[in-house]
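If you're wondering where the values come from, they're calculated on a predicted model, not measured in any experiment.
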Amino acid sequence: MRLESRAISLLAVLTALPTALGYVLGPLTHSLNALLGLVPFLPVRFSLGFIPLVISTILARAYLGRGGAVIEGVLLAVTGVLLHPTQPAPILLLRDVLLGVGVEVSLIRSSDLGFSPLLLSSLLGGLASYLPYLLYASPLSNPLLIYSSWVILMSNKLLSALIGGYLAYLILRRLPTACQLGG
C-alpha cells in the first residue's frame with residue numbers, strides 16, 4: 001500500500017510541475033518568439049512549455065516503470081484541457097496521451113536510461129505528440145504551403161522535445177537511484 005501512495009504522490013508532483021512552469025515559460029516563449037519574428041523569413045519558433053511535459057513523462061517512466069509514461073500522459077492531458085485550454089480539447093488530449101505512448105514504446109525494452117535511449121524516447125514522444133496537429137490540417141487548400149509548414153513546425157516541436165529529453169537525462173543522472181519505485 002505504501003508503494004501505491006508514493007507512486008500517486010510522484011505522479012501528482014510530476015503532473016503539477018508542467019502547469020506551474022507553464023506560467024513562467026508561456027510568457028518567456030511568447031517574448032522569445034516575438035524577438036525571433038523580427039528576423040524576416042526565420043522559421044524557428046520555440047515551444048518552451050512542451051519541454052516540462054517531456055521531462056515529467058520521462059521521469060514518470062523512469063521512476064514508476066512500465067506504464068508510468070502513459071499514466072503521466074493521461075494526467076497531463078486532463079490537466080491540460082482543464083487548466084490550459086489554449087488549443088482544442090481533442091488536440092490537447094491526444095497530444096499528451098500520445099507523448100506518453102511514444103515515450104513508453106521507445107523505452108519498452110530498455111533497462112538502461114542513458115543518454116541515447118532518453119533522447120530517442122523524447123524524439124519518438126515528440127513525433128507521436130505531433131500527430132493530432134496533422135489530423136486538423138487541411139492539405140486541400142495549398143498542399144505545398146501546408147506540408148512545408150508541417151516540416152517547420154514539427155522541427156521546432158522536436159527541438160523542444162530533444163531539449164526536454166536532455167534535461168530529463170541530466171535530472172536522472174543527479175537523482176539517487178534508491179528512490180526508484182518500480183522497474
Side-chain angles (χ1 to χ4, degrees), residues 7 10-11 13-19 21-22 25 28-29 32-33 43-80 87 91-137 147-183:
L10 181 63
L11 284 168
V13 168
L14 289 175
T15 304
L17 283 175
T19 301
L21 288 173
L25 294 175
L28 185 61
T29 299
L32 181 63
N33 287 336
V44 177
R45 296 290 180 267
F46 288 98
S47 177
L48 299 178
F50 189 65
I51 295 171
L53 297 174
V54 174
I55 293 170
S56 66
T57 305
I58 291 174
L59 291 178
R61 172 58 170 89
Y63 285 107
L64 297 176
R66 287 197 178 136
V70 175
I71 294 169
E72 181 66 16
V74 169
L75 291 172
L76 289 172
V78 171
T79 57
Q87 298 168 359
I91 288 180
L92 284 176
L93 286 170
L94 287 171
R95 180 195 71 184
D96 294 342
V97 170
L98 288 173
L99 170 65
V101 169
V103 168
E104 191 69 46
V105 165
S106 65
L107 293 174
I108 198 118
R109 292 188 182 239
S110 181
S111 60
D112 173 38
L113 293 177
F115 182 73
S116 296
L118 289 180
L119 276 187
L120 180 64
S121 73
S122 67
L123 185 65
L124 188 58
L127 281 170
S129 71
Y130 196 73
L131 291 175
Y133 296 102
L134 298 178
L135 294 174
Y136 285 93
Y147 293 125
S148 62
S149 64
W150 283 352
V151 171
I152 291 169
L153 292 173
M154 188 183 332
S155 64
N156 293 331
K157 188 170 200 61
L158 292 180
L159 177 64
S160 295
L162 287 173
I163 292 169
Y166 178 69
L167 292 174
Y169 165 74
L170 292 178
I171 291 168
L172 286 171
R173 216 174 75 187
R174 301 224 182 331
L175 288 178
T177 57
C179 68
Q180 283 189 341
L181 298 175

| side-chain contact (heavy atoms from CB on, under 4.5 Å) partners for S129, two or more places apart |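 Listed in chain order: F50, R95, L99, K157.
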How long is the gap from [atom1] on [X] to [atom2] on [Y], to the nearest 0.5 Å?
| X | Y | atom1 | atom2 | result |
| --- | --- | --- | --- | --- |
| S56 | L10 | OG | CG | 10.0 Å |
| Y166 | I171 | OH | CD1 | 11.5 Å |
| L107 | L118 | CG | CG | 6.5 Å |
| S122 | I58 | OG | CD1 | 5.0 Å |
| L53 | S160 | CG | OG | 10.5 Å |
| L25 | L48 | CG | CG | 5.5 Å |

If you take all heavy atoms of [X] and [Y], which pair is closest and at what distance?
| X | Y | value |
| --- | --- | --- |
| R66 | E104 | CA-OE2, 3.3 Å |
| L92 | G80 | CD1-O, 3.8 Å |
| G164 | I51 | CA-CG2, 3.7 Å |
| I91 | Q87 | CG2-OE1, 3.8 Å |
| S47 | T29 | CA-CG2, 4.3 Å |

Can you give each donor-acceptor pair under 3.5 Å made by side-chain atoms of residues 67-79, sequence neighbours left out, with the distance rounded to 0.1 Å?
unit_1, atom_1, unit_2, atom_2, d
E72, OE1, T15, OG1, 3.3
E72, OE2, T15, N, 3.3
E72, OE2, T15, OG1, 3.3
T79, OG1, L75, O, 3.1
T79, OG1, L76, O, 3.1

| request: Walk me through it: do Y63 and L172 pass the test side chain to side chain contact (heavy atoms under 4.5 Å, CB included)? | output: CA-CA 9 Å; Y63 285 107; L172 286 171; 3.3 Å; yes
| said: I want to check something: taking the side chain as every heavy atom from C-beta on, are L17 and P52 in contact at a cut-off of under 4.5 Å? | reply: no
| field | Non-hydrogen side-chain atoms of L94 and L131 separated by less than 4.5 Å | value |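 A side-chain contact under 4.5 Å is absent here.
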